[in-house]
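Worksheet: the structure to be examined is printed underneath.
A quick note: this is a predicted structure, and the numbers were derived from the prediction, not measured. Residue numbers start from 1 in every chain, and the chains themselves are labelled A, B, ... in the order their sequence lines are given, proteins ahead of strands.
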There are 2 protein chains.
Amino acid sequence: MSESIEMYLVMTALLRSEPQQPVPVSLLANKLGVSQVSANEMCHKLDERGLLAYQPYKGVTLTEHGETQAQQILSRRRLWVMFLVENLGIEPEEADDLACQLEHITSERLVTALKAFLEHAPGAGQREFEAVPTQELAHCTAGTRGIVASVATEPMVAAFLRAQGVVPGTMVEVLAISAEGAVLVGLGDRHVALAPSMATQIVLAPPSTDQSSRHRAWARCSAYWSCPHSDACDCVLDYQVQ
Amino acid sequence: MSESIEMYLVMTALLRSEPQQPVPVSLLANKLGVSQVSANEMCHKLDERGLLAYQPYKGVTLTEHGETQAQQILSRRRLWVMFLVENLGIEPEEADDLACQLEHITSERLVTALKAFLEHAPGAGQREFEAVPTQELAHCTAGTRGIVASVATEPMVAAFLRAQGVVPGTMVEVLAISAEGAVLVGLGDRHVALAPSMATQIVLAPPSTDQSSRHRAWARCSAYWSCPHSDACDCVLDYQVQ
DNA sequence: TCTAATGTACAGGCACGCCCAAAGATCGCC
DNA sequence: GGCGATCTTTGGGCGTGCCTGTACATTAGA
Ligand SMILES: [Mn+2]
Ligand SMILES: [Mn+2]
Ligand SMILES: [Mn+2]
Ligand SMILES: [Mn+2]
């Protein structure tokens with residue numbers, strides 16, 4: 001399996017809202033930074049190879065085999081993110097980008113060794129490497145607290161959110177929700193108002209108290225919304241602020 | 001620069017006996033596990049790109065630019081080997097294979113973080129990340145002790161040496177050298193006699209006392225003889241025991 | 001129901017990195 | 001000097017993963 005194929009599988013897992021909910025090929029194309037035609041072509045091939053199930057005009061779902069592969073790769077990504085953030089002190093966002101490359105060249109032996117290292121590293125108690133449940137900010141109720149797991153990748157939106165301090169790893173609280181779906185988010189000392197369309201592009205993980213376990217929880221999120229490769233992100237230039 | 005290009009540069013650096021000594025394209029082809037025609041083609045391209053200097057019927061040398069690139073990649077490999085061996089407990093040989101992949105996706109930021117980690121990891125004093133001088137076993141004098149840095153990659157030879165315990169990371173001593181160049185090597189409790197042709201395919205690094213610093217010294221060797229990718233190694237099947 | 005947006009398909013093409021077969025060029029040794 | 005081994009070059013080809021342009025199919029909204 002090439003890195004390219006692996007990323008199609010991973011992206012399909014990350015982009016679906018619910019299991020067995022087809023992911024539109026156009027969305028896949030956007031997030032992977034390739035043309036729709038290329039994505040279509042690839043999805044066909046992966047359907048033939050039994051990794052994806054392709055329903056024309058609907059999208060793709062992961063087959064059992066594809067799901068296994070995707071989860072294996074994502075578990076490797078989480079291991080690397082944990083290591084990069086907690087042991088090397090790299091920022092979550094950059095760690096995600098790096099891990100997205102490392103996940104493809106991580107042997108089973110390396111997985112074992114990394115897990116053992118993370119478990120027995122100084123100051124680490126019992127650790128869990130499984131994915132953690134996440135939810136869209138738009139679906140949260142007032143009072144909910146959580147850690148920003150991922151945000152929109154459209155450059156201008158991402159830049160805005162970054163400027164406001166809404167970056168992966170940050171602890172936030174939902175202060176209020178308007179009837180229209182706008183969300184008022186608290187960030188400790190200040191707060192940000194987000195349009196409904198914005199709230200659907202931010203994903204929260206369960207809250208944690210200390211900084212270290214925040215990172216860990218963030219790393220354990222299975223539902224990254226962010227596009228992993230910065231290069232691919234940069235391809236999404238057709239965004240316009242409404 | 002693609003991974004493929006990087007490996008041509010690295011291999012050129014590893015295979016030359018002395019700086020500015022041209023490396024035969026056929027040797028490069030063998031070690032990289034590609035055909036001579038492919039290697040020729042590639043060397044031409046890299047000459048045009050100013051990374052290699054190609055002298056027909058002689059071989060290739062690294063240009064100043066190519067040398068810089070090769071050394072940068074190799075320094076990343078050494079960092080990874082150190083980490084993999086000392087912190088993850090992975091065996092030197094496998095660590096080398098893994099590092100050969102990791103070296104190509106290691107950002108400057110990651111280099112900095114890895115160095116900081118290795119420097120401040122528990123039990124680590126002052127560390128050096130520079131390459132260490134090495135010499136062929138065939139050029140050693142009787143009484144010399146050192147650490148096996150790398151061995152021949154031809155499957156049958158490698159298997160034989162492995163069976164004898166002559167693997168990277170092992171401490172050995174040159175017990176005697178015959179007039180013809182055959183070498184008697186001591187491995188603590190036992191010894192092995194090696195034909196002259198075999199002695200030219202084993203490289204030693206300076207000796208160290210404890211296991212940890214042995215690995216470190218081994219990791220710091222700049223002159224790996226081994227072919228890094230196992231896949232490529234497996235391509236070299238035309239070997240015959242004389 | 002009809003139309004416009006969205007998705008799909010086909011054709012042709014490109015860069016990369018590799019392959020083989022065959023024909024030349026050079027080198028090195030007898 | 002000549003000849004065989006080795007190396008280089010040429011020509012053609014392959015697979016992967018992308019691309020554009022154009023035409024066709026489907027879906028969903030007015
Ligand atoms: Mn990835
Ligand atoms: Mn990214
Ligand atoms: Mn490599
Ligand atoms: Mn190898």
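Rounded to whole Å, the distance from NE2 on H104(B) to P on dC16(C) is 18 Å. dT8(C) atom P lies 12 Å from atom CG of L27(A), rounded to whole Å. What separates CG of N40(B) from C1' of dA25(C) is a distance of 12 Å, to the nearest Å. Between M11(A) atom CE and dG17(D) atom C1' the separation is 17 Å, expressed in whole Å. Rounding to whole angstrom units, CD of residue E48(A) and C1' of dA9(C) are separated by 14 Å. If you take CD of Q55(B) and P of dC7(D), they are 15 Å apart, rounded to a whole angstrom. In this structure, the CD atom of Q36(A) is 16 Å from the P atom of dC10(C), given to the nearest Å. Note: CD1 (I5(B)) to P (dG17(C)) measures 5 Å, nearest angstrom.
Side-chain nitrogen and oxygen atoms of H44(B) include at least one within less than 4.0 Å of the OP1 or OP2 phosphate oxygen of dT9(D). Distances shorter than 4.0 Å separate none of the side-chain N or O atoms of S38(B) from OP1 or OP2 on dG17(C). An OP1 or OP2 oxygen of dC18(C) is reached within less than 4.0 angstrom by a side-chain nitrogen or oxygen of Y8(B). When the side-chain nitrogen and oxygen atoms of S4(B) are compared with OP1 and OP2 of dC18(C), one or more of them lie within a distance under 4.0 Å.
Distance from the side chain of S35(B) is smallest for dC20(C) among the nucleotides dC20(C), dC18(D), dT8(C). Here the side chain of Y54(A) is nearest to one of dC7(D), dC18(C), dA9(C), namely dA9(C).
For E180(B), there are no salt bridge (charged side-chain N to carboxylate O under 4.0 Å, His left out) partners, not counting sequence neighbours. Applying the salt bridge (charged side-chain N to carboxylate O under 4.0 Å, His left out) criterion to E64(A), with sequence neighbours excluded, gives no partner residue. Annotation: side chain to side chain contact (heavy atoms under 4.5 Å, CB included) contacts of V167(B) (sequence neighbours excluded): E93(B), R162(B), T170(B). With sequence neighbours left out, the side chain to side chain contact (heavy atoms under 4.5 Å, CB included) criterion links A39(A) to Y8(A), V25(A), A29(A), V34(A).
The aromatic rings of Y54(B) and H44(B) sit perpendicular to each other, their planes meeting at more than 60°, with 30° as the lower class boundary.
The shortest heavy-atom contact between C43(B) and L52(B) is SG-CD1, 4.2 Å.
Distance NZ/K45(B) to CD/E41(B): 5.0 Å, rounded to 0.5 Å.
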Atom pairs, protein N/O to nucleotides 10-16 of chain D N/O, distance under 3.5 Å:
none

Under 3.5 Å, which N/O atoms of the protein pair with N/O atoms of nucleotides 26-30 of chain C?
| residue | atom | partner | partner atom | Å |
| --- | --- | --- | --- | --- |
| dT26(C) | O4' | Y57(B) | OH | 3.3 |

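For the side chain to side chain donor-acceptor pair (under 3.5 Å) test with R77(A), the passing option among H104(A), E103(A), Q101(A), Q72(A) is E103(A); the others fail.
Under the 4.0 Å criterion applied to side-chain N and carboxylate O atoms, E6(A) and R76(A) are not assigned as salt-bridge partners.
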